[in-house]
**Q** 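To start, I am sharing the structure in question, which I have written as structure tokens.
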Amino acid sequence: MPATILIGAQWGDEGKGRVADWLARDSYAMARYAGGDNAGHTVMVGEKQFKLHLTPSGIVQPHVRCILGSGMVINPTRLVQELDMLAGQGVDISPQRIQISTRAHIITPAHMELDGAEERARGGESIGTTRRGIGPAYQDKSARTGLLTGEMADPETFADKVLASVKQANKLLVNYYGLEAMPTDEIAAQACNAAQRLAPYLSETSHSINEMLEVGQRVLCEGAQGTLLDLDHGHYPYLTSSSAVAGGALTGLGFGPHYVDRVVGVAKAYSTRVGNGPFPTELLDDTGDRIRTAGAEFGTTTGRPRRCGWLDVVILHYARRVNGLTELVLTKLDVLSDLDEIKIAVAYELDGRRITQMPLDTAAIARVQPVYETLPGWKIDISSARRLADLPQNARRYVEHVRDLTGLPITMISVGPERDQAVYG
Ligand code: IMP
């Protein structure tokens, strides 16, 4: 049963990139199954920092084959830029190790422009999207008007179709949104160039993934964003347009559930969120600012400051259920080292009642008040800890308490950004 699914258990940015890098050591292949370049995964290897948006994080390990699955939406120009950046850092980007599904969907410049126009039109009720064109590309996919990655096999026809999508969007931008039309001069040439570069990577990836799984080669399925941003299971409409939960790996890559033996949830030792929407444990005070500064909580993709708050076990229980988590990884424990005391939300008060199940209704979750347990801080630098026994007693107590509250084994704890700054459970 050789498939592992790696999931964000909160609102994304949990540090999945470095966990993927750890799990990739024992994997034959790594496959992204949802989202697009709204994601930002950072992997540190020695002095080198890799900022990935589309390529699976396993790309930095030479033995790992990488797959961009059919559940993704791909901006071809951005993917070419990312591959060039990786090649410049000495990474093998040959088509022998990277496959792009022919059935993923293309993000055109039209989608990006429409993403911005839709957000502006929402005014005070905006979602706070990354403006990478994710929502509009998935809209086209569902409406069956999208452009498949497989079309890049014929770069000139593909470029014509991209140009047609921009001309179509221009009508909307001008006539409906009252904006200026996008210039069309360079678009066809850019699309044609990107398609020429990417055509050698195209493949019917569900066949190759199943062939790997059938002979017992481990496939690591890399989730993007997080459980609470999932289109079906987050708080609508403050979420992304794809299936970020474990089920998304099956549909976004095309294999059966009997192969999955490990579902790894990743949570920060606190919580963060970028963009708008409910966030029960958000800290709008000095403690929130301290966590943001200590954790360098600014978006990899957009540079936006992330909203910061305490760890929320009600959310983690929910993530455990909807994903069938088998274990938990706790990241950035070191960020809390400076605090006198640390809180964990263990329940909510909703309209005078105490509840332990996360309300799915967006208006209800916006009204909850977290019920906290308070633990003492440890006030010691823990970045050189490599074993549980190296952690100060209060840090161990915090980790053990999270383990007991969630009922999940904690298999890795990160204590710094470097690859080796981790404690394994
Ligand atoms: P979109 O995916 O760009 O449409 O953005 C929808 C929501 O998901 C916004 O609140 C974004 O800030 C959030 N989001 C999208 N991708 C990520 C991510 O990789 N990490 C954290 N938040 C994300």
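This one's a predicted model, so the numbers in the text were calculated from it and none came from an experiment.
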**Q** Taking all atoms of both residues into account, what is the closest heavy-atom pair of Ala110 and Ala169, and its distance?
**A**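 That would be CB-CB, 3.5 Å.
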**Q** With a 3.5 Å distance limit and no angle check, can you tell me whether Thr281 reaches the backbone of Leu311 through a side-chain donor-acceptor pair?
**A**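 Absent.
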**Q** Measure from the side-chain N and O atoms of Glu349 to the backbone N and O of Pro370, and report whether any donor-acceptor pair falls under 3.5 Å.
**A**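 Side chain of Glu349 to backbone of Pro370, a donor-acceptor pair under 3.5 Å: no, none is there.
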**Q** With no hydrogens and no angle check, is any side-chain donor or acceptor of Asp37 less than 3.5 Å from a backbone partner on Leu54?
**A**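 Not at all, since once roles are kept as given, no pair shorter than 3.5 Å links the two residues.
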**Q** Is it the case that over 12 heavy atoms from other parts of the model lie below 6.0 angstrom from the CZ atom of Arg103?
**A** no
**Q** Test salt bridge (Lys or Arg N to Asp or Glu O under 4.0 Å) on Arg419 and Asp21 and set out the steps.
**A** CA-CA 8 Å; Arg419 202 182 222 176; Asp21 178 55; 2.6 Å; yes
**Q** What heavy-atom pair brings Pro305 and Phe298 nearest, and what distance separates the two atoms?
**A** CA-CD2, 3.5 Å
**Q** Considering non-hydrogen atoms only, spot the tightest contact between Thr130 and Asn38 and give its length.
**A**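 Of all heavy-atom pairs spanning Thr130 and Asn38, the closest is OG1-CB, 3.3 Å.
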**Q** Begin from the C-alpha positions of Leu179 and Arg120 and carry the test side-chain contact (heavy atoms from CB on, under 4.5 Å) through to its verdict.
**A** CA-CA 11 Å; Leu179 299 170; Arg120 278 192 292 276; 3.6 Å; yes
**Q** In the structure I gave you, are the side-chain heavy atoms of Tyr201 and Leu79 within less than 4.5 Å of one another anywhere?
**A**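 The answer is no; the side chains never approach within 4.5 Å.
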**Q** Does Val91 reach the side chain of Phe50, with side-chain heavy atoms less than 4.5 Å apart?
**A** yes
**Q** After noting the C-alpha distance and the side-chain angles of Cys221 and Thr4, does the key distance pass the side-chain contact (heavy atoms from CB on, under 4.5 Å) rule?
**A** CA-CA 6 Å; Cys221 310; Thr4 303; over 6 Å; no
**Q** Distance alone, cut at 3.5 Å: any donor-acceptor contact between the side chains of His111 and Gln139?
**A** no
**Q** Quick one, Glu297 with Arg304, criterion salt bridge (Lys or Arg N to Asp or Glu O under 4.0 Å). Give me CA distance, side-chain angles, the key distance, then yes/no.
**A** CA-CA 9 Å; Glu297 294 296 353; Arg304 289 181 287 178; over 6 Å; no
**Q** Short question: side chain of Lys48, backbone of Gln89 - any donor-acceptor pair under 3.5 Å?
**A** yes
**Q** Please check this pair: side chain of Thr102 against backbone of Leu202, looking for a donor-acceptor N/O pair closer than 3.5 Å.
**A** no
**Q** Rounded to the nearest 0.5 Å, how far does CG of Leu350 lie from CE of Met358?
**A**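 The CG atom of Leu350 is 12.0 Å from CE of Met358, to the nearest 0.5 Å.
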**Q** If we ignore hydrogens and angles and just use 3.5 Å, is the side chain of Lys167 paired with the main-chain N or O of Thr184 as donor and acceptor?
**A**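 Pair absent, no side-chain N/O of Lys167 close to backbone of Thr184.
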**Q** Which atom pair, heavy atoms only, marks the closest approach of Cys192 to Pro155?
**A**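 Of all heavy-atom pairs spanning Cys192 and Pro155, the closest is O-CB, 3.8 Å.
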**Q** Using only atom types and a distance under 3.5 Å, with no angle test, would you say the side chain of Thr326 pairs donor to acceptor with the backbone of Val263?
**A**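 Between the backbone of Val263 and the side chain of Thr326 there is a qualifying donor-acceptor contact (under 3.5 Å).
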**Q** Are Asp232 and Ser243 close enough, and set up right, to give a side-chain hydrogen bond (donor to acceptor under 3.5 Å, both in side chains), and what steps lead you there?
**A** CA-CA 7 Å; Asp232 293 286; Ser243 183; 5.0 Å; no
**Q** Is there side-chain contact between Glu327 and Leu408, with heavy atoms separated by less than 4.5 Å?
**A**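 With C-beta onward as the side chain, the pair stays apart.
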**Q** Working to the nearest 0.5 angstrom, can you tell me the gap between Gln225 CD and Ile7 CD1?
**A** 11.0 Å
**Q** Is the backbone N or O of Leu405 less than 3.5 Å from a side-chain atom of His317, with the two atoms forming a donor-acceptor pair by type?
**A** yes
**Q** Do the side chains of Trp11 and Ser271 get nearer than 4.5 Å, heavy atoms only?
**A**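 Ser271 reaches Trp11 side chain to side chain.
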**Q** When you compare the side chain of Ile67 with that of Met30, does any pair of heavy atoms fall below 4.5 Å?
**A**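 A side-chain contact under 4.5 Å is absent here.
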**Q** Between Arg290 and Asp338, does any side-chain N to carboxylate O distance fall below 4.0 Å?
**A** yes
**Q** To the nearest 0.5 Å, how far apart are CZ in Arg197 and CD1 in Ile93?
**A**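 Result: 6.0 Å between the selected atoms.
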**Q** To the nearest 0.5 Å, what is the distance between CD1 (Ile59) and CG (Leu52)?
**A** 8.0 Å
**Q** side-chain contact (heavy atoms from CB on, under 4.5 Å) between Ile127 and Glu119: does it pass, once the steps are laid out?
**A** CA-CA 7 Å; Ile127 295 165; Glu119 276 287 86; 3.7 Å; yes
**Q** Going by an N to O cut-off under 4.0 Å, is there a salt bridge joining Glu222 and Arg32?
**A** no
**Q** Could you check Asp312 against Tyr348 for side-chain hydrogen bond (donor to acceptor under 3.5 Å, both in side chains), going step by step and ending with a plain yes or no?
**A** CA-CA 10 Å; Asp312 187 337; Tyr348 298 147; 2.6 Å; yes
**Q** Going through the checks in order, is the side-chain hydrogen bond (donor to acceptor under 3.5 Å, both in side chains) test met by Thr272 and Lys268?
**A** CA-CA 8 Å; Thr272 64; Lys268 274 182 193 161; 2.9 Å; yes
**Q** What do the steps show when you test Arg306 against Asp13 for salt bridge (Lys or Arg N to Asp or Glu O under 4.0 Å), and what is the final call?
**A** CA-CA 9 Å; Arg306 295 179 183 141; Asp13 304 319; 3.3 Å; yes
**Q** Under the salt bridge (Lys or Arg N to Asp or Glu O under 4.0 Å) criterion, do Lys161 and Asp154 qualify, and how do the steps go?
**A** CA-CA 11 Å; Lys161 290 186 177 174; Asp154 177 352; over 6 Å; no
**Q** Counting only heavy atoms not in Arg354, do more than 12 sit closer than 6.0 Å to its CZ atom?
**A** no
**Q** Please evaluate residues Leu147 and Phe158 with respect to the criterion side-chain contact (heavy atoms from CB on, under 4.5 Å), reporting the C-alpha separation (whole Å), side-chain torsions for both, the decisive distance (0.1 Å), and the verdict.
**A** CA-CA 9 Å; Leu147 193 51; Phe158 173 75; 3.8 Å; yes
**Q** Got a second to check how far Phe279's CZ is from Arg307's CZ, nearest 0.5 Å?
**A** 6.5 Å
**Q** Write down the atom of Ser27, the atom of Leu220, and the distance for their closest heavy-atom approach.
**A** OG-CB, 3.6 Å
**Q** State, with a plain yes or no, whether a side-chain heavy atom of Arg25 is found less than 4.5 Å away from one of Gln61.
**A** yes
**Q** In this structure, are over 12 heavy atoms from other groups packed under 6.0 Å from Gln357 atom CD?
**A** no
**Q** To the nearest 0.5 Å, tell me how far Leu325 CG sits from Leu328 CG.
**A** 7.0 Å
**Q** Spell out, as yes or no, whether a donor-acceptor pair under 3.5 Å connects the side chain of Asn75 to the backbone of Thr77.
**A**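 Answer holds: yes.
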**Q** Do side-chain atoms of Asp334 reach the backbone of Ile382 as a donor and acceptor pair under 3.5 angstrom?
**A**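 Answer holds: no.
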**Q** Please tell me if the side chains of Tyr424 and Thr411 come closer than 4.5 Å, counting only heavy atoms from C-beta onward.
**A**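 No, their side chains stay 4.5 Å or more apart.
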**Q** Looking only at heavy atoms, which two atoms of Ser208 and Gln99 are closest? And how far apart?
**A**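 Nearest heavy atoms, Ser208 then Gln99: OG-OE1, 2.7 Å.
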**Q** With a cut-off of 6.0 Å (strictly less than), are more than 12 heavy atoms of other residues, nucleotides or ligands near CZ of Arg122?
**A**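 Atom CZ in Arg122 is packed in, count exceeds 12.
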**Q** For a 4.5 angstrom cut-off between non-hydrogen side-chain atoms, does Arg18 reach Val329?
**A**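 No, side chains not in contact.
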